Engineer: 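Would you mind keeping the following structure in view while I ask a few things?
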Amino acid sequence: MEALRWERLQSSFKEHGMTVFLFFLIAFGILALGYGYIGWRLIVPANLAALWNAITWAALILFLLIPPIAIFMERYGFEGGRGILSWVTYLSLGFVSLLFTGLVIRDLIWLIAAGAQKTFLFARELFGSPAAAADPPDPERRHFLVHPMNSGILAISGALTGYGVYEARRRPAVVEVEVPLPNLPNDLEGFRILQITDIHAGLTVRRKFVETVVKQANALAPDIVAFTGDLVDGAVPHLRHEVAPMAELSARYGRYFITGNHEYYSERRRGWKKRIDSASRCC
């Protein structure tokens with residue numbers, strides 16, 4: 001098994017080595033800039049003691065390295081610890097994205113406010129008395145405001161991450177939409193189309209969740225089921241068992257599936273298209 005995995009790894013690097021390397025280099029560079037910005041705007045102003053400063057930066061760097069490690073392990077079939085690593089990856093990326101967004105919004109507001117103040121002072125000095133110009137900004141006051149703002153952004157980012165996990169893991173909501181169509185034949189009155197999308201079965205969304213979705217869908221007794229992409233986040237050998245309940249979807253006039261971008265990742269479309277066609281024929 002290990003020999004086969006190593007052979008697969010070597011073959012993949014030979015075939016797609018430069019493309020994969022460039023993709024990861026660009027993606028990692030973007031991530032590094034984002035994480036560096038967070039450290040600059042969050043850790044540096046905290047003025048931590050040397051030991052805690054080193055620990056905080058080390059933790060930030062560790063979270064930077066986790067996503068590419070998780071992607072590498074998933075791509076080349078390493079099983080050990082992937083579930084826990086994936087949870088840490090997704091949660092940390094979500095939290096860091098919110099944190100980065102909060103810091104950027106805060107800094108943009110500061111930048112706009114500072115520009116407006118300087119423009120106002122310049123105009124007043126130009127058309128009024130230089131002596132009437134306001135005192136320069138107090139850096140101590142600004143420094144005093146940074147800490148509660150950073151703490152607030154951290155707290156809000158953490159709360160939104162927790163809410164996101166709750167929303168992602170709870171029982172899916174059913175949204176009914178009535179579509180009025182002029183001159184619709186009487187035979188099609190009340191025709192029910194059920195759309196399902198973006199389940200993203202993978203290392204954190206497993207068979208039990210898929211079973212819940214299928215039970216909900218069948219209970220609605222639709223005339224047609226339309227699955228509009230992103231069923232999976234992974235390859236067929238790893239996830240065929242997890243999405244097997246999808247074959248139990250039932251609809252009076254048929255079930256229809258289109259691929260999303262996640263079915264195309266790592267040339268997976270062919271495998272998933274064949275698997276879905278097979279499930280559709282046998283059930």
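No experiment lies behind these values; they were computed from the predicted model shown.
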Engineer: Does Arg106 reach the side chain of Asn150, with side-chain heavy atoms less than 4.5 Å apart?
Structural biologist: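 Heavy-atom side-chain distance check passes, below 4.5 Å.
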
Engineer: Passes side-chain contact (heavy atoms from CB on, under 4.5 Å), Tyr256 versus Ile193? Steps please.
Structural biologist: CA-CA 11 Å; Tyr256 300 88; Ile193 302 174; over 6 Å; no

Engineer: Quick one: does Asp230's side chain have a donor or acceptor within less than 3.5 Å of a partner on Asn261's backbone?
Structural biologist: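 Yes; at least one donor-acceptor contact below 3.5 Å.
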
Engineer: Enumerate the salt bridge (charged side-chain N to carboxylate O under 4.0 Å, His left out) contacts for residues 89-99, please, sequence neighbours excluded, ordered by first and then second residue.
Structural biologist: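 Listed by first then second residue: nothing to list.
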
Engineer: Please find the pair of heavy atoms, one from Arg255 and one from Met246, that lie closest to each other, and give the distance.
Structural biologist: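 Here Arg255 and Met246 meet closest at NH1-O, 4.1 Å.
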
Engineer: Taking Thr212's backbone N and O only, do any of them form a donor-acceptor pair with Arg171's side chain (distance below 3.5 Å, no angle check)?
Structural biologist: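 No.
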
Engineer: Could you list who else is in Ile109's hydrophobic cluster, with ILVMFWY side chains joined at under 4.5 Å, directly or through other members?
Structural biologist: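 Via sub-4.5 Å side-chain contacts, Ile109 links to Ile105.
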
Engineer: Can you measure from CZ (Arg206) to NE2 (His241) and round to the nearest 0.5 angstrom?
Structural biologist: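 Arg206 CZ to His241 NE2: 8.5 Å, rounded to 0.5 Å.
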
Engineer: Determine which pairs satisfy ring-ring contact (aromatic ring centres under 6.0 Å, His included) with at least one residue from residues 208-227, sequence neighbours left out, and list them in order.
Structural biologist: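 Qualifying pairs: Phe227-Phe257.
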
Engineer: Is Ile156 reachable from Leu154 through a run of hydrophobic residues whose side-chain heavy atoms are each under 4.5 Å from the next?
Structural biologist: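 They do not share one cluster, since no chain of ILVMFWY contacts under 4.5 Å joins Leu154 to Ile156.
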
Engineer: Anything under 3.5 Å between a donor and an acceptor, one on a side chain of residues 213-220, the other on a protein residue two or more places apart or in another chain? List them.
Structural biologist:
unit_1	atom_1	unit_2	atom_2	d
Gln216	NE2	Pro172	O	2.9
Asn218	OD1	Ser250	N	2.9
Asn218	OD1	Ser250	OG	3.2
Asn218	ND2	Glu248	O	3.1

Engineer: Are Val165 and Tyr90 joined in one hydrophobic group, where the rule is that I, L, V, M, F, W and Y side chains link up if heavy atoms are under 4.5 Å apart?
Structural biologist: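 As far as the 4.5 Å side-chain criterion goes, Tyr90 and Val165 are not connected within one cluster.
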
Engineer: With rounding to the nearest 0.5 angstrom, report the CG to CD1 distance, Leu231 to Ile258.
Structural biologist: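 Separation between the atoms: 12.0 Å.
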
Engineer: Which residue pairs pass the ring-ring contact (aromatic ring centres under 6.0 Å, His included) test with at least one member in residues 170-203, sequence neighbours excluded?
Structural biologist: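 Sorted pair list: Phe191-Tyr253, His200-His262.
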
Engineer: Would you say Tyr35 and Ile61 make side-chain contact, with heavy atoms under 4.5 Å?
Structural biologist: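 No, too far: nothing below the 4.5 Å cut-off.
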
Engineer: Measuring from atom CG of Leu31 to atom CD1 of Ile26, what distance do you get when rounded to the nearest 0.5 angstrom?
Structural biologist: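 Those atoms lie 12.5 Å apart.
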
Engineer: Could I get the full list of side-chain contact (heavy atoms from CB on, under 4.5 Å) partners for Arg252, not counting sequence neighbours?
Structural biologist: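 If we apply the side-chain contact (heavy atoms from CB on, under 4.5 Å) test to Arg252, skipping adjacent residues, the hits are Asp223.
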
Engineer: Could you pull out the closest heavy-atom pair between Leu239 and Ala201, with the gap in Å?
Structural biologist: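 Closest approach of Leu239 to Ala201: CD1-O, 3.3 Å.
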
Engineer: Assign the ring pair Tyr37 / Trp40 to parallel, tilted or perpendicular, where the plane angle (0 to 90°) is split at 30° and 60°.
Structural biologist: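 Aromatic pair Tyr37/Trp40 classed perpendicular.
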
Engineer: For the CG atom of Leu62 and the CD1 atom of Ile55, what is their distance to the nearest 0.5 Å?
Structural biologist: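 Interatomic distance, Leu62 CG to Ile55 CD1, rounded to 0.5 Å: 13.0 Å.
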
Engineer: For Ile112, which fellow cluster members are found when Ile, Leu, Val, Met, Phe, Trp and Tyr are connected by side-chain heavy-atom distances below 4.5 angstrom, either directly or through intermediates?
Structural biologist: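 None; Ile112 is a cluster of one.
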
Engineer: So, for Val225 and Pro222, which heavy atoms are closest and what is the spacing to 0.1 Å?
Structural biologist: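 That closest heavy-atom pairing would be CG2-CG, 3.7 Å.
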
Engineer: Compare every heavy atom of Val210 with every heavy atom of Val243, then report the nearest pair and how far apart it is.
Structural biologist: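 So the two residues come closest at CA-CG1, 4.3 Å.
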
Engineer: Among residues at least two apart in sequence or on other chains, which ones pass side-chain contact (heavy atoms from CB on, under 4.5 Å) with Thr197?
Structural biologist: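 For Thr197, the residues satisfying side-chain contact (heavy atoms from CB on, under 4.5 Å) (neighbours in sequence not counted) are Gln195, Thr228.
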
Engineer: Mind checking side-chain contact (heavy atoms from CB on, under 4.5 Å) for Glu189 and listing every partner two or more places apart, or none if nothing turns up?
Structural biologist: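 side-chain contact (heavy atoms from CB on, under 4.5 Å) list for Glu189, sorted by chain: Leu184.
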
Engineer: Taking all heavy atoms of Ser157 and all of Thr161, pick out the closest pair and write down the distance.
Structural biologist: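 Here Ser157 and Thr161 meet closest at O-OG1, 2.7 Å.
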
Engineer: Taking only residues two or more places apart in sequence, or in another chain, which ones meet Trp57 in a ring-ring contact (aromatic ring centres under 6.0 Å, His included)?
Structural biologist: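 Partners of Trp57 by the ring-ring contact (aromatic ring centres under 6.0 Å, His included) criterion come out as none, since no residue qualifies.
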
Engineer: Would Ile66 end up clustered with Ile69 when hydrophobic side chains under 4.5 Å apart are linked, directly or stepwise?
Structural biologist: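 Cluster IDs for Ile66 and Ile69 match.
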
Engineer: Does some side-chain heavy atom of Asp107 sit less than 4.5 Å from a side-chain heavy atom of Leu111?
Structural biologist: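 Not touching, per the 4.5 Å side-chain cut-off.
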
Engineer: Just how far is it from atom CG of Leu249 to atom CG of Leu194, taken to the nearest 0.5 Å?
Structural biologist: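 So the CG of Leu249 and the CG of Leu194 are separated by 8.0 Å.
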
Engineer: Under a single-linkage definition using a 4.5 Å side-chain heavy-atom cutoff for Ile, Leu, Val, Met, Phe, Trp and Tyr, are Leu42 and Leu108 assigned to the same hydrophobic cluster?
Structural biologist: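 Yes, same cluster.
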
Engineer: Go through the structure and list residues passing side-chain contact (heavy atoms from CB on, under 4.5 Å) with Val177, not counting sequence neighbours.
Structural biologist: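 Scan of Val177 (side-chain contact (heavy atoms from CB on, under 4.5 Å), adjacent residues dropped) gives Val175, Val179.
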
Engineer: For residues 91-104, which side-chain donor-acceptor pairs fall under 3.5 Å, sequence neighbours excluded?
Structural biologist:
unit_1	atom_1	unit_2	atom_2	d
Ser92	OG	Val88	O	2.8
Ser92	OG	Thr89	O	3.0
Ser97	OG	Leu93	O	2.7
Thr101	OG1	Ser97	O	2.8

Engineer: Which heavy atom of Pro245 sits nearest to which heavy atom of Glu211, and what is that distance?
Structural biologist: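 The pair with the smallest heavy-atom distance is CG-CG, 3.5 Å.
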
